[in-house]
Protein chains: 2
Amino acid sequence: MTEEGTLTSAPHTDVRRCELREVLDRIGDKWSVLVMALLSDGTKRYSELQRAIEGISQRMLTLTLRSLERDGLVERLVTPTSPPRVDYRLTPVGETLSGQVNALIGWADEHRGYVHAARDAFDSRQQATA
Amino acid sequence: MTEEGTLTSAPHTDVRRCELREVLDRIGDKWSVLVMALLSDGTKRYSELQRAIEGISQRMLTLTLRSLERDGLVERLVTPTSPPRVDYRLTPVGETLSGQVNALIGWADEHRGYVHAARDAFDSRQQATA
DNA sequence: CGGAATCCTAGTGGATACTG
DNA sequence: CAGTATCCACTAGGATTCCG
């Protein structure tokens, strides 16, 4: 311990850093939470998701669903008819994460005005400087 | 309304989609929440953050701090001495977001075992197929 | 000390075409 | 319908250098 105490703070920060990164890697991507938000309304087919999300490519929808399935947050239900039918739904754990995300949306909802105002103020300050 | 009702679900989803994207863009990047987590322990200097986060480049630390400041989540306090001293701290709103992030960490903590297990199971299933 | 500017690479994700 | 495969563009972010 070469003279710490003043610079490095609470060691628990380091511990939590790892899992923090994990969640963020999980939900921080472009589509995962959007898919989960839709599935929180109930089971949906692949094509339903594709149309509902609008802007997502087939590639990304598939990749997103796969990784959600891989992590046990979404379940894939295949009905081997012709044409095939595949439904997706949240697992119980997926629902809990969806709940957390909703809390985050709540925060955004509550503070969006503040953030936008701060942003505008900052930008005009910058322009004044430039 | 050209035959909806069966495919597109709850319209509130669309509404929330936007703010959801905004929060995620805000906290989804590589460093923002890490910086906020550190600042939740109290005011810190630029160099303290740089050493504490370890792995962050000067460029990214500066960019991260700037965007957090821009959104009114972090405050920048300059002491024009020589050499200069700059401190950063969370704003009250920044603290509330930090709280949300902590909730997310809580979720990760609680379910990390489940997610890892699901992941391993999925991967070995894939390998069996291949 | 606390940055800004420039350069460059790696990974994320879009467009398109093809398949069971 | 529900994907897979390939190619390509963009940008987040790292390394380095310079500045007040």
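Proteins come first, then strands; the chains are lettered A, B, ... in the order of their sequence lines, and each starts at number 1. Excluded from the calculations below are hydrogen atoms, water molecules and symmetry mates; all remaining heavy atoms, backbone and side chain alike, are included.
- Between the CD atom of B:Gln50 and the P atom of D:dA15 there is a distance of 12 Å, rounded to whole Å.
- When all heavy atoms of B:Met36 and B:Leu90 are compared, the pair lying nearest together is O-CD1, 3.9 Å.
- Of the two residues near DNA chain D, A:Arg59 and A:Arg76, the one whose nearest nucleotide lies more 5' is A:Arg76.
- The existence of a salt bridge linking B:Asp25 and B:Arg21 is confirmed by a sub-4.0 Å separation between a basic side-chain nitrogen and an acidic carboxylate oxygen.
- Using a 4.5 Å heavy-atom threshold, the side chains of A:Tyr88 and A:Leu39 count as touching.
- In terms of heavy atoms, A:Phe122 sits closest to B:Arg70 at CD2-CG, 3.4 Å.
- Dashed line: the shortest gap from a side-chain N or O of B:Thr62 to OP1 or OP2 of C:dG3 is not under 4.0 Å.
- If you check C:dG14, D:dC1, D:dT4 against the side chain of A:Trp31, the one that comes closest is C:dG14.
- Contact annotation: A:Ser57 does not reach the phosphate of C:dA15 (side-chain N/O to OP1 or OP2, under 4.0 Å).
- With D:dG3, C:dA4, D:dA2 as the choices, the nucleotide that has an atom nearest any side-chain atom of A:Tyr88 turns out to be D:dG3.
- As rounded to whole Å, 8 Å separates atom P of C:dG3 from atom CG of B:Leu61.
- Checking D:dG14, D:dG3, C:dG20 against the side-chain heavy atoms of A:Arg66 singles out D:dG3 as nearest.
- Between B:Lys44 and B:Asp87 there is no salt bridge, since none of the side-chain N atoms of the basic residue sits less than 4.0 Å from a carboxylate O of the acidic one.
- Remark: C1' of C:dT19 and OH of A:Tyr46 are 13 Å apart, rounded to the nearest angstrom.
- In this structure, the CD1 atom of B:Ile53 is 15 Å from the C1' atom of D:dG14, given to the nearest Å.
- In this structure, B:Leu65 atom CG and C:dG3 atom P are separated by 7 Å, rounded to whole Å.
- With rounding to whole Å, B:Leu24 atom CG is found 15 Å from D:dA12 atom P.
- In this structure, A:Ile56 and A:Pro84 both approach DNA chain C, and ranking their closest nucleotides by distance from the 5' end singles out A:Ile56.
- The separation between A:Gln58 atom CD and D:dA2 atom P is 10 Å, rounded to whole Å.
- Nucleotide C:dT12 holds its P atom 11 Å from the NZ atom of B:Lys30, rounded to whole Å.
- Using a 4.0 Å cut-off, some side-chain N or O of A:Arg45 falls inside it from OP1 or OP2 of D:dA2.
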